[in-house]
Amino acid sequence: MNQNLEQRALAEKDMPSKARLLAALSNRFRMEIFDVLHKKQTGHWGGSASACDIVTALYFHRMRLDPLVPLWEDRDRFVLSKGHASPLLYTVLAHRGYFPPPLLGSFRDLDSSLQGHPCMNKTPGVDMSTGALGHGISVGVGMALAARLKQKNFKTYVMVGEGCLDEGQSWEALMSAGKFKPWGLTLLVDNNDVQLDGTSREIMPLEPLGDKLRAFGWNVAPALYDGNNMQDIFTSFEALDAMEFWPKAVLYKTAKGKGVSFMEGKSAWHGAPIDKDSYEAGRPELVSAFERALAEVR
Ligand SMILES: Cc1ncc(C[n+]2csc(CCOP(=O)(O)OP(=O)(O)O)c2C)c(N)n1
């Protein structure tokens, strides 16, 4: 049953059933990320767990792509501006068919194709190398403008965290998108309220973020969506499709470290190695969340 979740999710046409399948898949991805990060004693758990449902929905439902032809010119693009969440991107890419999932066990090994931050020249399916926060929106604007120049109709999705949005370059890029209005560009904000060593309010408050984006010329989806609820993520996609002008943005409320209660919302679990005790205390929660989600699709 487990091995078929990917195929079942991709093939399912009924949207509520598909959302349930993707929720199960995403919960399984969280477990797998947790395992790999504990085993390797490195990597960023908090921001991988918060964005897991959104990225799963993008690759298994939303984006036009072909894992057998990773550089297909007409594919939709995804830029993970918060590149430290690479364990999430790699896990989703592996299970979407870009490379064999056992390769995830080589995360951050010397010479592995799965480095700590995504590298477009090393990993099939990675559309942009990221890791230095704040570059993603600029790159996304460039990709979307390139689509216009080449008369292509691929879409470009850029995911940022609040830390990314604290970078000045992000606001230059947001401003340029307001001017050039690139068709097909969507900004996804994974708003988990926590950064590397504190809350976003303590470090650099962004609110009112939706109003700021609107003032910069963006078409912002009307609600704050629950980015850890697959049905709500589907609703956000419908809202995006109903909106007319580009560029578009959508704000998601998420929990950093989602799935392990004592890690949620804690900057201490932004990127700390997952020690044995924490692993053993946290894993059963992820297993039960997965089992509950799986029971919904049996
Ligand atoms: C230019 C730059 N400055 C600092 C860092 C170190 N750094 C890595 S992650 C992070 C915080 C990121 O916060 P956020 O974007 O909200 O990520 P999330 O909570 O979604 O993981 C920082 C400051 C970096 N990667 N790049």
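Heavy atoms only: backbone and side chains are in, while hydrogens, waters and symmetry mates are out. All values reported here derive from a predicted model rather than from experimental measurement. For ligands, and for the atoms within them, numbers begin at 1 and follow the listed sequence.
Heavy atoms of His44 found under 4.0 angstrom from ligand 1: none, in either backbone or side chain. With a 4.0 Å heavy-atom cut-off, ligand 1 is reached by the side chain of His84 but not by its N, CA, C or O. Within the 4.0 Å heavy-atom criterion, the part of Val194 lying near ligand 1 is the backbone and not the side chain.
Just one of Asp193, Asp232, Asp226 meets the salt bridge (charged side-chain N to carboxylate O under 4.0 Å, His left out) condition when paired with Lys253; it is Asp193.
Every atom of ligand 1 with a heavy atom of Gly47 under 4.0 Å away is listed here by number and element: 21 (O). Residue-ligand proximity, Ala132 to ligand 1, at heavy-atom distances under 4.0 Å covers atoms 26 (N).
On a distance-only criterion, Asn192 and ligand 1 share at least one N/O pair closer than 3.5 Å. Remark: ligand 1 and Ser50 share no N or O pair separated by less than 3.5 Å (distance only, no angle test). Considering backbone and side-chain N/O atoms, Cys164 comes within less than 3.5 Å of an N/O atom of ligand 1. The N/O atoms of Gly163, backbone and side chain alike, include one that comes under 3.5 Å of an N/O atom in ligand 1.
Note on ligand 1: Gly46 sits outside its first shell, no heavy atom being nearer than 4.0 Å. Ligand 1 is approached by His270 to a heavy-atom distance shorter than 4.0 Å.
Regarding atom 19 (O) of ligand 1, its nearest protein heavy-atom neighbour is Lys256 NZ, 2.7 Å. Nearest protein heavy-atom contact of atom 2 (C) of ligand 1 is Leu133 N, 3.7 Å.
Using a 4.5 Å cut-off on side-chain heavy atoms (C-beta onward), Phe216 and Trp171 make contact. Between Pro182 and Trp246, every side-chain heavy-atom pair lies at or beyond the 4.5 Å cut-off. Contact check for Leu103 versus Ser113: side-chain heavy atoms found under the 4.5 Å cut-off. Two residues are said to be in side-chain contact when any heavy atoms from C-beta on lie closer than 4.5 Å; Asp76 and Thr156 fail this criterion.
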Arg8 and Glu12: salt bridge (charged side-chain N to carboxylate O under 4.0 Å, His left out), yes or no, with the steps? CA-CA 6 Å; Arg8 285 178 64 198; Glu12 183 61 64; over 6 Å; no
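Cation-pi geometry between Arg62 and Tyr157 is not met at under 6.0 angstrom from the ring centre and within 45 degrees of the axis.
Between the side chains of Asn153 and Arg64, at least one donor-acceptor pair of N or O atoms lies under 3.5 Å. For the residue pair Asp275/Ser278, the side-chain donor-acceptor check at 3.5 Å is satisfied.
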